[in-house]
Amino acid sequence: MTASPIAADLTPGRPVVFRNATVLTMDDAHHVLPGADVLISGDRIAAVGPGLEVPEGTVEVDATGGILMPGMIDTHRHMWQTAMRGYGADWTLTQYFVWNYLQWGKSFRPQDIHAGDLLSAIEAIDAGVTTTVDWSHNLQTTDHAEAAVDALRSVPGRFVLAYGNIQQAPWEWSATPEFRAFVDRYFGGGGGSDMLGFQIAFDVPPASPDFPEKAAFEVARDLGVPVTTHAGVWKVTTDEGIRLMHEHGFMIPGTIYVHSATLSADSYHRIAATGGSVSLSTESEQSAGQGYPPTWKLREHGIPVSLSMDTSVWWSADLFSAMRATLSADRAREHLEAHSRDETVTHHKLRAEQVVDWATRGGARALGLDSLIGSLEPGKGLPGPARRRAHRGRQRPGG
Ligand SMILES: [Zn+2]
């Protein structure tokens, strides 16, 4: 295979400038710059604007006629399932649970997790999704977890391993010495990296009022890492889980509530008041049946939103389809509600610009990475040495 002329020029450290693009900066004011350039120097964006002067030896890329936007961010993707990409195109959530949780999930070996994660990571980068949370809930042993880390590290993108295990209760697997040793080995004491973060992933079904999940939340608190949880999933997770989390003090900023499609106003208030955010998988919610995609409710409560694809077993890795589906679902609901009152919607509340924000800045904020990713602004990219220490302290367990 012959490298393209551009690829051959992209030696590490050599600056690159994209010329004459329509640049969606996604800065706080959402500035759109027609005919603008973006200069990348080292690991960071050095400048954005028209007619940039660039250092000698900079690689020039003519982006005339193109749109340049920030890499998109997916805050919830079960990457291991990409091994079964497209297999469940007509599934409901019930069929998905039966196949993955009851029948075949246990059969996944570490090498199967590796294969799924590797394909998923490449699929994400190919779709312009440069940061992905791997909601990895089939890590039956730490060998499985190591396989996931190996796959994520082998692809040049930014990932967050959200560690979970559907085959065991969260208060069981999170309490094992093997789990702690794994976290120490890969994410503690300088072992973490700016390109690989860590979260803990489990759900709180209303099965037990004595809240055994408390122990797993305490592990997350002890490690200083966020929890991500499927909340408000029809007949699976309910307001009861939110209430238990809140009353025990575990609803804190940085918590990501996936779907949140069938919650009461009271639960939305608790999420809004405690600084959490919702990861919306619109195509998943529409097709699998977790509940109606809730942006029309989240907007009312001022809850921050990020987008996600959930799983390639049904859908693609393409956040453009997530943006379109989210816009459609919100507007369909708005029209439906208005018609039931014999009214006509003359101006949409949810704007296209807002869903682009959710696919970029929304994810960056949800992950606490807004200073590094999510917009095309000078200084974004990898942190410099001083910021890197501070940043890693935040992202890393124990920091
Ligand atoms: Zn999910």
Side-chain angles (χ1 to χ4, degrees), residues 73-89 91-102 104-105 108 113 116-117 120-121 123-124 129 131-139 148 159-167 170 199-205 213 216 226-238 241-242 255-263 271 276-295 298 305-319 321-322 325-326 329 358 362-363 366-367:
I73 298 163
D74 184 317
T75 50
H76 152 243
R77 188 177 294 190
H78 306 293
M79 295 176 71
W80 63 275
Q81 295 176 350
T82 307
M84 301 303 296
R85 193 176 188 281
Y87 182 76
W91 275 352
T92 59
L93 198 60
T94 303
Q95 290 168 300
Y96 164 88
F97 284 152
V98 168
W99 197 94
N100 275 307
Y101 291 13
L102 300 178
W104 298 107
F108 279 67
I113 299 290
D117 267 45
S120 183
E123 184 184 41
V129 180
T131 299
T132 306
V133 174
D134 181 14
W135 221 102
S136 195
H137 59 344
N138 199 16
L139 302 180
F159 300 97
V160 175
L161 179 68
Y163 193 117
N165 177 10
I166 43 173
Q167 313 299 347
Q199 296 179 344
I200 292 186
F202 62 91
D203 298 341
V204 186
E213 291 85 359
V227 168
T228 174
T229 188
H230 293 95
V233 175
W234 179 250
K235 302 284 190 196
V236 179
T237 52
T238 66
I242 296 286
T255 308
I256 297 182
Y257 305 85
V258 175
H259 303 307
S260 305
T262 53
L263 294 174
I271 293 172
S277 69
V278 166
S279 174
L280 196 85
S281 314
T282 305
E283 286 183 281
S284 180
E285 289 132 24
Q286 287 179 322
S287 189
Q290 292 90 343
Y292 198 92
T295 51
L298 302 175
V305 174
S306 62
L307 300 185
S308 56
M309 293 311 301
D310 202 349
T311 168
S312 286
V313 169
W314 277 275
W315 305 284
S316 69
D318 177 10
L319 277 193
S321 76
T326 301
W358 287 342
L367 299 177

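For ligands, and for the atoms within them, numbers begin at 1 and follow the listed sequence. Computed from heavy atoms alone, side chains included, the values below leave out hydrogens, waters and symmetry copies.
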Margin query: side-chain contact (heavy atoms from CB on, under 4.5 Å) for Trp80 and His137? Distances and angles first, verdict last.
Written below: CA-CA 8 Å; Trp80 63 275; His137 59 344; 3.1 Å; yes

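The tally of protein N/O/S atoms under 2.8 Å from the Zn ion (ligand 1) stands at 4.
Side-chain polar atoms of Ser308 and Ser281 form a donor-acceptor pair below 3.5 angstrom.
Using cut-offs of 30° and 60° on the angle between ring planes, the pair Phe108 and Trp99 is perpendicular.
The side-chain hydrogen bond (donor to acceptor under 3.5 Å, both in side chains) test with Thr311 is passed by exactly one of His78, Arg77, Gln81, Arg85: Gln81.
Using a distance-only test at 3.5 Å, with no hydrogens or angles considered, a donor-acceptor pair links the side chain of Thr237 to the main chain of His230.
Summarising the geometry, atom OG1 belonging to Thr228 is positioned 5.0 Å from atom CD1 belonging to Ile256; distances are rounded to the nearest 0.5 Å.
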